[in-house]
Amino acid sequence: MGNVNCLRCRFRHEDNGNCTAVGGFCTAVQAAHCPLLRQYLDTGMTPEAFQSFVVFFQDLIGNQKASEALDNFRQLVKADRAGRLLVLPCKVGDTVYRIVRDADPHITRDEARNMYFADDMTLCVELVGGRIILSEKFGKTVFLTREEAEKALEAMKDGWRK
């Protein structure tokens, strides 16, 4: 097969091409010509990082085919770059926790009943009972978990005490 070393191997000597890991001829010469190995080496990832990526990707796409998931992801990225992507703060039916600022500030539990865009294209979330919340309030005075709301309320109270 000749004196051919893997060009991507980190043990390849820069001057003479010999394998510094084994002190001479590369022991992975046949593997160096494998197209799948070259594709993997081109990622620049360690085996551990690649395995972590695979687990992450499988968790992300679930039972969907990888090609379909990638097509969907490409569409989302294109829409985001074009300014056409909107991430909703919650979905209809979700429980939300709202900080009520009155004489005794507290947290109240509500449910998202409807969502719509106002005339100025502001996203509005209608709660059961008819209260309207602007999407910009999520993460400030409206939260998806009670824990987040309690943390924000404590921060507000600390700010008032100063």
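With rounding to the nearest 0.5 Å, the separation of OG1 in Thr141 from OH in Tyr97 is 15.5 Å. Atom NZ of residue Lys137 and atom CD1 of residue Ile99 lie 11.0 Å apart, to the nearest 0.5 angstrom. Between the NE2 atom in His106 and the CZ atom in Arg101 there is a gap of 13.0 Å [rounded to 0.5 Å]. Expressed to the nearest 0.5 Å, how far CZ of Arg81 lies from CG of Leu76 amounts to 12.0 Å. From Arg109, atom CZ reaches atom CG of Leu127 across 12.0 Å, with rounding to the nearest 0.5 Å. Between the CG atom in Asp71 and the NZ atom in Lys65 there is a gap of 11.5 Å [rounded to 0.5 Å].
Shortest non-hydrogen contact noted between Asp110 and Val128 is OD1-O, 4.4 Å. Val92 approaches Asn114 most closely through the heavy-atom pair CG2-CA, 4.0 Å. Taking every heavy atom of both residues into account, Ile107 and Arg146 meet most closely at CG2-NH1, 3.6 Å. Among all heavy-atom pairs drawn from Met115 and Lys91, the shortest one is CE-CA, 3.5 Å. The two residues Cys90 and Leu144 have their closest heavy-atom pair at CB-CD2, 3.6 Å. Residues Ile132 and Cys124 approach most closely at CG2-CB, 3.8 Å, considering heavy atoms.
Between Phe138 and Val125 there is a side-chain heavy-atom pair separated by less than 4.5 Å. Looking only at side-chain heavy atoms (C-beta outward), Pro89 and Leu123 come within less than 4.5 Å of each other.
More than 12 heavy-atom neighbours from other residues, nucleotides or ligands sit within 6.0 angstrom of CZ on Phe57.
Sorted by first and then second residue, the salt bridge (charged side-chain N to carboxylate O under 4.0 Å, His left out) pairs involving residues 112-134 (not counting sequence neighbours) are Arg113-Glu126.
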*Intermediate values then yes/no, salt bridge (charged side-chain N to carboxylate O under 4.0 Å, His left out), Glu136 and Lys140*: CA-CA 8 Å; Glu136 65 195 33; Lys140 296 175 183 167; over 6 Å; no
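Legend: residues meeting ring pair (Phe, Tyr, Trp, His ring centres under 6.0 Å) with Phe50, ordered by chain and number and at least two apart, are Tyr40.
Note on Ile133: it clusters hydrophobically with Leu86, by side-chain heavy-atom contacts below 4.5 Å among ILVMFWY residues. Both Leu153 and Phe143 sit in one connected hydrophobic cluster of ILVMFWY residues. Membership requires side-chain heavy atoms under 4.5 Å apart, directly or through other members. Following chains of ILVMFWY side-chain contacts shorter than 4.5 Å, one cannot reach Leu60 starting from Val55, and the two form parts of different hydrophobic clusters. Residues Val77 and Leu85 fall into different hydrophobic clusters, defined by Ile, Leu, Val, Met, Phe, Trp and Tyr side chains chained together at heavy-atom separations under 4.5 Å.
Taking the six-membered ring for Trp and thresholds of 30 and 60 degrees, Phe53 and Phe56 have ring planes inclined between 30 and 60 degrees apart.
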